[in-house]
J.: 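One structure, as C-alpha cells, below. Some questions next.
Both backbone and side-chain heavy atoms feed into the values below; hydrogens, waters and symmetry mates do not.
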Amino acid sequence: QVQLVESGGGLVQAGGSLRLSCAVSGRTSGRYVMGWFRQAPGKEREFVASISWTGSTTYSAESVKGRFTISRDSAKNTMYLQMSSLKPEDTAAYFCAAVPASYTVGYYSQASRFDYWGQGTQVTVSS
C-alpha cells in the first residue's frame with residue numbers, strides 16, 4: 001500500500017504562484033509513476049501532469065504547459081507541482097496519484113490508470 005498526502009493549497013490572486021506537495025509513505029520501493037489531477041465542482045477529474053519514477057521524464061496537459069512544473073525528490077519521498085501564472089480557471093481540488101509503472105509516463109494521463117490517491121488540496125484563484 002502507498003499513502004499520499006497533499007499540502008500547499010490555498011487562495012491566490014490571478015497571476016500568482018503556489019507550490020503543492022505530495023508526501024509519499026508506505027510501500028515506496030517500487031517504480032511508481034506519479035501524477036497530479038484536478039477536479040472543479042461539477043466537472044470530471046482532469047489530468048494535469050505526470051512524472052516517471054526517476055523524475056527524468058514528465059508529461060503535462062496542454063492547458064498547464066509553460067505554467068506548471070512537476071518534479072519529485074526521491075530522497076524526501078515527495079512530489080511537487082509548482083504552479084505559476086495562475087488563472088481563475090485553475091481553481092479546483094488538486095489530487096496526487098501513484099501507480100506501479102508498466103508503461104511510459106505519457107500513458108498515465110487518465111485517472112483510471114492510477115491505483116493510489118491522496119485526499120486532495122483546494123486551490124482557489126481569484127480574479
Side-chain angles (χ1 to χ4, degrees):
Q1 289 289 339
V2 173
Q3 291 80 44
L4 306 174
V5 178
E6 304 95 336
S7 62
L11 174 64
V12 63
Q13 288 188 331
S17 300
L18 276 177
R19 189 178 79 159
L20 306 183
S21 299
C22 175
V24 184
S25 61
R27 196 169 184 178
T28 60
S29 60
R31 297 188 176 198
Y32 288 90
V33 165
M34 297 191 68
W36 286 100
F37 288 77
R38 65 187 182 186
Q39 189 167 19
K43 295 188 176 181
E44 292 188 353
R45 194 161 294 190
E46 175 190 22
F47 170 75
V48 176
S50 56
I51 188 167
S52 63
W53 75 283
T54 62
S56 62
T57 305
T58 63
Y59 182 69
S60 300
E62 286 296 325
S63 60
V64 305
K65 280 184 178 178
R67 300 190 299 123
F68 293 9
T69 301
I70 188 172
S71 62
R72 66 192 297 176
D73 185 333
S74 297
K76 296 182 178 179
N77 283 337
T78 303
M79 178 179 65
Y80 303 98
L81 185 68
Q82 178 67 48
M83 305 184 294
S84 60
S85 302
L86 282 161
K87 305 175 182 180
E89 51 263 44
D90 294 319
T91 295
Y94 282 71
F95 299 87
C96 65
V99 61
S102 299
Y103 302 96
T104 60
V105 172
Y107 174 82
Y108 298 100
S109 59
Q110 297 180 30
S112 60
R113 293 176 176 170
F114 283 84
D115 293 340
Y116 303 101
W117 291 88
Q119 293 300 307
T121 185
Q122 179 67 34
V123 172
T124 303
V125 184
S126 63
S127 57

J.: Heavy-atom distance under 4.5 Å between the side chains of Val123 and Arg38, does that happen here?
T.: no
J.: Considering non-hydrogen atoms only, spot the tightest contact between Ala97 and Phe114 and give its length.
T.: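 Taking Ala97 first and Phe114 second, the nearest heavy atoms are CB-CD2, 3.4 Å.
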J.: What is the distance from atom NZ of Lys76 to atom OG of Ser74, rounded to the nearest 0.5 Å?
T.: 12.0 Å
J.: Which atoms form the tightest heavy-atom contact between Ser52 and Ser56, and what is the distance?
T.: OG-N, 3.3 Å
J.: Are Thr91 and Gln122 packed together at the side-chain level, in the sense that at least one heavy-atom pair is separated by less than 4.5 angstrom?
T.: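 Side chain of Thr91 against side chain of Gln122, heavy atoms only: contact under 4.5 Å found.
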J.: Look at the side-chain heavy atoms of Ile, Leu, Val, Met, Phe, Trp and Tyr, link any pair under 4.5 Å apart, and say whether Ile51 and Val64 land in one connected group.
T.: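 Same hydrophobic cluster.
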J.: From Ser84 OG over to Arg19 CZ, what is the distance, rounded to the nearest 0.5 angstrom?
T.: 13.5 Å
J.: Let me confirm one number: the CG-CD distance from Leu4 to Gln119, rounded to the nearest 0.5 Å.
T.: 9.5 Å
J.: Give the minimum heavy-atom separation between Gln3 and Gly26, together with the two atoms involved.
T.: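 Result for this residue pair: OE1-CA, 3.5 Å.
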J.: Identify whether Val2 and Val5 are in the same connected component of the hydrophobic contact network (ILVMFWY, side-chain heavy atoms under 4.5 Å).
T.: no
J.: Indicate yes or no: at least one non-hydrogen side-chain atom of Val12 is less than 4.5 angstrom from one of Met83.
T.: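 Val12 does not reach Met83 side chain to side chain.
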J.: State yes or no: are the ring centers of Tyr59 and Phe47 separated by less than 6.0 Å?
T.: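 Between Phe47 and Tyr59, which both carry aromatic rings, the centre distance is below 6.0 Å.
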J.: As an exercise, state the distance from SG of Cys96 to CD of Glu6, rounded to the nearest 0.5 Å.
T.: 4.0 Å
J.: Starting at CD of Gln82, measure out to CG of Leu20 and round the result to the nearest 0.5 Å.
T.: 9.0 Å
J.: Please find the pair of heavy atoms, one from Ala14 and one from Ser127, that lie closest to each other, and give the distance.
T.: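 Residues Ala14 and Ser127, closest heavy atoms: CB-CA, 4.3 Å.
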J.: Does any part of the side chain of Trp36, heavy atoms only, come nearer than 4.5 Å to the side chain of Cys22, both counted from C-beta?
T.: yes
J.: With sequence neighbours left out, write down each residue that passes ring pair (Phe, Tyr, Trp, His ring centres under 6.0 Å) with Tyr80, or none if nothing qualifies.
T.: none
J.: If two hydrophobic side chains count as joined below 4.5 Å and joins carry through other members, does Leu86 share a cluster with Phe95?
T.: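 Different clusters: Leu86 never reaches Phe95 through Ile, Leu, Val, Met, Phe, Trp or Tyr contacts under 4.5 Å.
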J.: Taking the side chain as C-beta and beyond, is there a heavy-atom pair between Ile70 and Met79 under 4.5 Å?
T.: yes
J.: Hey, what's the ring geometry for Tyr94 with Phe68, parallel, tilted or perpendicular (30° and 60° as the breaks)?
T.: tilted
J.: Distance from Arg72 atom CZ to Thr58 atom OG1, nearest 0.5 Å?
T.: 12.0 Å
J.: Tell me whether Leu11 is reachable from Val125 by hopping between hydrophobic residues (I, L, V, M, F, W, Y) whose side-chain heavy atoms are closer than 4.5 Å.
T.: no
J.: Taking the six-membered ring for Trp, are Tyr116 and Tyr32 parallel (under 30°), tilted (30 to 60°) or perpendicular (over 60°)?
T.: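 Aromatic pair Tyr116/Tyr32 classed perpendicular.
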J.: With clusters defined by side-chain heavy atoms of hydrophobic residues (ILVMFWY) lying less than 4.5 Å apart, directly or transitively, does Phe37 cluster with Val33?
T.: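 Yes, one cluster joins them.
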J.: Any sub-3.5 Å donor-acceptor pair from Arg31's side-chain atoms to Ala101's backbone N or O?
T.: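 No, the answer is negative, given that no donor and acceptor are paired below the 3.5 Å cut-off.
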J.: For residues Tyr103 and Tyr108, report the shortest heavy-atom separation together with the two atoms involved.
T.: N-OH, 3.2 Å
J.: State, to 0.1 Å, how close Thr121 and Gly9 come at their nearest heavy-atom pair, and which atoms those are.
T.: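 In terms of heavy atoms, the two residues are closest at OG1-N, 3.2 Å.
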J.: In the structure I gave you, are the side-chain heavy atoms of Ser63 and Glu89 within less than 4.5 Å of one another anywhere?
T.: no
